[in-house]
Amino acid sequence: MWVTRLSYDLHRDGRVSNIQVLESSGFAPLDQSAIAHVQTLQRQFRPFPECYTRDTMNITHRFQLRYN
């Protein structure tokens, strides 16, 4: 099993920035695929609710690949 853990900032307008690999799977193509997937999420999120007063939200995301 390979695991890649990423961190990124989600902005109020749906932009994604500051993508960082926190934990590499040790398999570069998998790490790059996880980064590419997060980049496709640009503007896919709904705007933050009014009660959330910050302009960005830091997200940690874990991608896991199992091979049986």
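What's counted below: heavy atoms across the whole structure, side chains too, no hydrogens, waters or symmetry copies.
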Discussion item. Quick one: does any side-chain atom of R12 pair with a main-chain N or O of R54 as donor and acceptor, under 3.5 Å?
Written reply: yes
Worksheet entry | Inter-residue atom distance I59.CD1 - S7.OG, 0.5 Å rounding | 9.0 Å
Worksheet item: Are any of the side-chain heavy atoms of V38 and T40 separated by less than 4.5 Å?
Response: no
Discussion item. Are R5 and H61 packed together at the side-chain level, in the sense that at least one heavy-atom pair is separated by less than 4.5 angstrom?
Written reply: no
Worksheet item: Would a 4.5 Å heavy-atom cut-off, applied to side chains only, mark Y8 and T60 as touching?
Response: no
Worksheet item: Between F63 and L6, is any pair of side-chain heavy atoms under 4.5 Å apart?
Response: yes
Item to complete: Give the intermediate values and the outcome of side-chain contact (heavy atoms from CB on, under 4.5 Å) for residues F45 and L10.
Response: CA-CA 9 Å; F45 295 97; L10 177 60; 3.4 Å; yes
Worksheet entry | Closest non-hydrogen atom pair between Q39 and Q42, with its separation | O-CG, 3.0 Å
Do any side-chain atoms of residues 13-28 form donor-acceptor pairs under 3.5 angstrom with protein atoms, and if so which ones, sequence neighbours left out?
from: D13; atom 1: OD1; to: R15; atom 2: N; distance (Å): 3.1
from: D13; atom 1: OD1; to: R15; atom 2: NE; distance (Å): 3.2
from: D13; atom 1: OD2; to: R15; atom 2: NE; distance (Å): 3.0
from: D13; atom 1: OD2; to: R43; atom 2: NH1; distance (Å): 3.3
from: R15; atom 1: NH2; to: H11; atom 2: ND1; distance (Å): 3.3
from: S17; atom 1: OG; to: H11; atom 2: NE2; distance (Å): 2.6
from: N18; atom 1: OD1; to: Q20; atom 2: NE2; distance (Å): 3.1
from: N18; atom 1: ND2; to: D9; atom 2: OD2; distance (Å): 3.4
from: S24; atom 1: OG; to: G26; atom 2: N; distance (Å): 3.0
from: S24; atom 1: OG; to: D31; atom 2: OD2; distance (Å): 2.5
from: S25; atom 1: OG; to: F27; atom 2: N; distance (Å): 3.0
from: S25; atom 1: OG; to: F27; atom 2: O; distance (Å): 3.1
from: S25; atom 1: OG; to: D31; atom 2: OD1; distance (Å): 2.9

Worksheet item: Does the side chain of F48 reach to within under 4.5 Å of the side chain of M57, using non-hydrogen atoms?
Response: yes
Discussion item. Please report the interatomic distance CG(L30) to OG1(T4), rounded to the nearest 0.5 Å.
Written reply: 4.0 Å
